Amino acid sequence: MESGTVRIWPRTDPFLLGALQVMPPCKLGFNYLRKFALYVRTRDGCFPTLSWPMWRHIARGKLQLPEDLVWLYFETFDLLMPRSPEERLGWAESLSQCSDPKELDHQRSKLHVHTLKFLLFLYIQQLNRVSLRTSLIGEEWPSPRDRCSSASHERGSKNDYRSKNWDDQAHLSFVHSHLGDLLELLVEPGQLASSGQAIRDCKVSLEALHGLSFLLEGSVGQGKAIRPVHQLLTQAPLQALAGYSELSRSFPLLPLLACLRQNLTANPFGMTACLHSGKKLTWAQQGKPPDVEGSMKRARIVRNTHMSPAGSGILLMSQVFQQTLAKDSEKLTGANVKIYRCSHAFIYLLSPLRSVSVDKCRNCTLVLGPVETSVHIHCCEDVRVVCVAGRVSIGASSRCTLHMLTPTRPLLLPGNTNITLGPFHTHYPTLEDHMGSVGLAVVPNVWDQPLLLGADGLVSTSGADSSAGCHRLLPPAEFNPLVVPFTMEGDTCEVPGGLPTAYRAALDQKKRRIRNMRRLVSDSQLNEEQQCQFQECVTQLFLEWLHERGHIQELSNLASLVQPSNGPSAH
């Protein structure tokens, strides 16, 4: 690449983590958002920052959105904002001290967002809008399950790893197609025609263009510093091409649009680049089952964390079959992890992570280190996920169990059946340190207060909609803690925050039954032969239970992974 070549690309976070993977309400269409943009520019307290009370007033009164959905968008945008761990922990502490809804609302009223960035965030919710035209000609179909089983997603397909949230080519196409709308939302009210449309010779102020840096960034020359788009456009070689005037500190709309389109390219740190030039890893060699032919040939683990800027690192783990993987590596820290098409696998990623997506997996157990932003499960079956995360969402999945510690309500998206929600129930020695490093606290914890989103918006748990019965809370009688079977250095020796009262009581009751059984055996005064028979019977029943639950392979793989006095390998 020439030293003066300019590249501008869509940022990873807004599309990967900000675009909810569900059809947006029609009231978030362009025409409504254009009216919203006009309203906030002409009202006190709405610009340049927008408070929670004002957003609620506009969304409830003008856009007719339900309050839970209104808060969901506001909260999701705030998750994407760069805040220090100390700031996030302080916010969590403030929320945990609210004793009633009035106090909670008062605390939320202190939260402000950048108005124009938030406006663009609302617009990109269109990323996952299903087009009726393309669905009719076979390119899209509204059902998540149909997309999962579509022939276009067979193993080995060129686009096998792609969903719209992960696909940097889809991000590029979306921005290129909708760039005119995005810029028009930034135009000041005085330059709009009576119809609300931008006039041909209108200008976009430099201040307004700061909002576009939420979506776009770039660099001049390969290996050069990455800069927000508003900085690139005010300096050579783009300043003249974009028509920037230092006198008015603004850009004419049409030259600016042409300049951006001319220099748009795919994200050099996106999934496509990661698959093409990422560093391949050999984690799956550990714990390889000797009776599974070809398992290593299918498995693929690749990362770009060695070359990507902070927050843009990707690690892809695909087609891991009958393996047990465990890592606590700095190479994982802050990465966006995609776990794809894995089957009968046990995966421990015990590092602080940026985000995790679990896609098209079956019969897997995933134990994750604290996830700063979101964990998303899609098109999975019989998967168990154990995590501390800023947000957890699941869609188009069946017979999955989520053990969570999360400060935001779990999102149950369309297409789910037989989803079980349970409390976070494990620990490892460095867990609390990792939680502190990403700003996650033990309170508030609302793992048991899911928010159901259907194809037409929120679903009431008391309504007749069939999706309202897609989940259950884990009965305390079925609760068992999970043990992370590695020796590591650290101070965490119990589940952070403890277990909910009902689950602690159920666990104590099971411990009492075990003690009573041991006492009964001890008091029975069996002779040596009877003791041997009893031991053989117990061992046989235990082995049968291991086979029924599929734990034999897990124990075999763990035996090959765990070394004396060592934790999971950090290669």
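Because the structure is a prediction, the values reported are computed rather than measured.
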Passing option when T417 is tested against S398, C400, C470, S397 for side-chain contact (heavy atoms from CB on, under 4.5 Å):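 Single side-chain contact (heavy atoms from CB on, under 4.5 Å) partner of T417 among S398, C400, C470, S397: S398.
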Show your reasoning for whether side-chain contact (heavy atoms from CB on, under 4.5 Å) applies to F214 and L80. CA-CA 10 Å; F214 170 67; L80 301 180; 4.1 Å; yes
Please report the shortest heavy-atom distance between [X] and [Y], naming the atom on each side.
X	Y	value
A389	P407	O-CD, 3.3 Å
L186	R41	O-NH2, 2.8 Å
N267	P10	ND2-O, 3.2 Å
P370	V438	CB-CG2, 3.8 Å
E494	H427	O-CB, 3.4 Å

Within 45 degrees of the axis of the six-membered ring of W71 and under 6.0 Å from its centre: does R108 put its NZ or CZ there?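 Ring-cation test returns yes.
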Gap separating the [atom1] atom of [X] from the [atom2] atom of [Y], nearest 0.5 angstrom:
X	Y	atom1	atom2	value
S351	K331	OG	NZ	11.5 Å
F174	I124	CZ	CD1	7.0 Å
F486	Y428	CZ	OH	12.0 Å
L72	F77	CG	CZ	14.0 Å
L215	Y123	CG	OH	11.0 Å
E372	L353	CD	CG	10.0 Å

Kindly indicate, with the supporting measurements, whether the criterion side-chain contact (heavy atoms from CB on, under 4.5 Å) is fulfilled by L315 and L281. CA-CA 10 Å; L315 184 138; L281 305 177; 4.2 Å; yes
Please identify which of these residues, [options], meets the side-chain hydrogen bond (donor to acceptor under 3.5 Å, both in side chains) condition with [X].
X	options	value
N336	S312, S308, S355	S355
T420	H403, R384, R472	R472
R399	N363, D382, N418	D382

Flag side-chain contact, heavy atom, 4.5 Å: [X] against [Y]:
X	Y	answer
N445	F424	no
V70	L63	no
L474	Y503	yes
Y73	P25	yes
F30	L185	yes
S437	P85	no

Would you call the rings of Y39 and H57 parallel, tilted or perpendicular, where under 30° means parallel and over 60° means perpendicular?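 Tilted: the ring planes of Y39 and H57 meet at 30° to 60°.
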Starting from the C-alpha separation in whole Å, work towards a yes-or-no answer on ring-ring contact (aromatic ring centres under 6.0 Å, His included) for F118 and F74. CA-CA 8 Å; F118 183 63; F74 203 76; 5.7 Å; yes
Side chains of H376 and S357 only: does a donor on one sit below 3.5 Å from an acceptor on the other?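 H376 vs S357: no donor-acceptor pair found between side chains.
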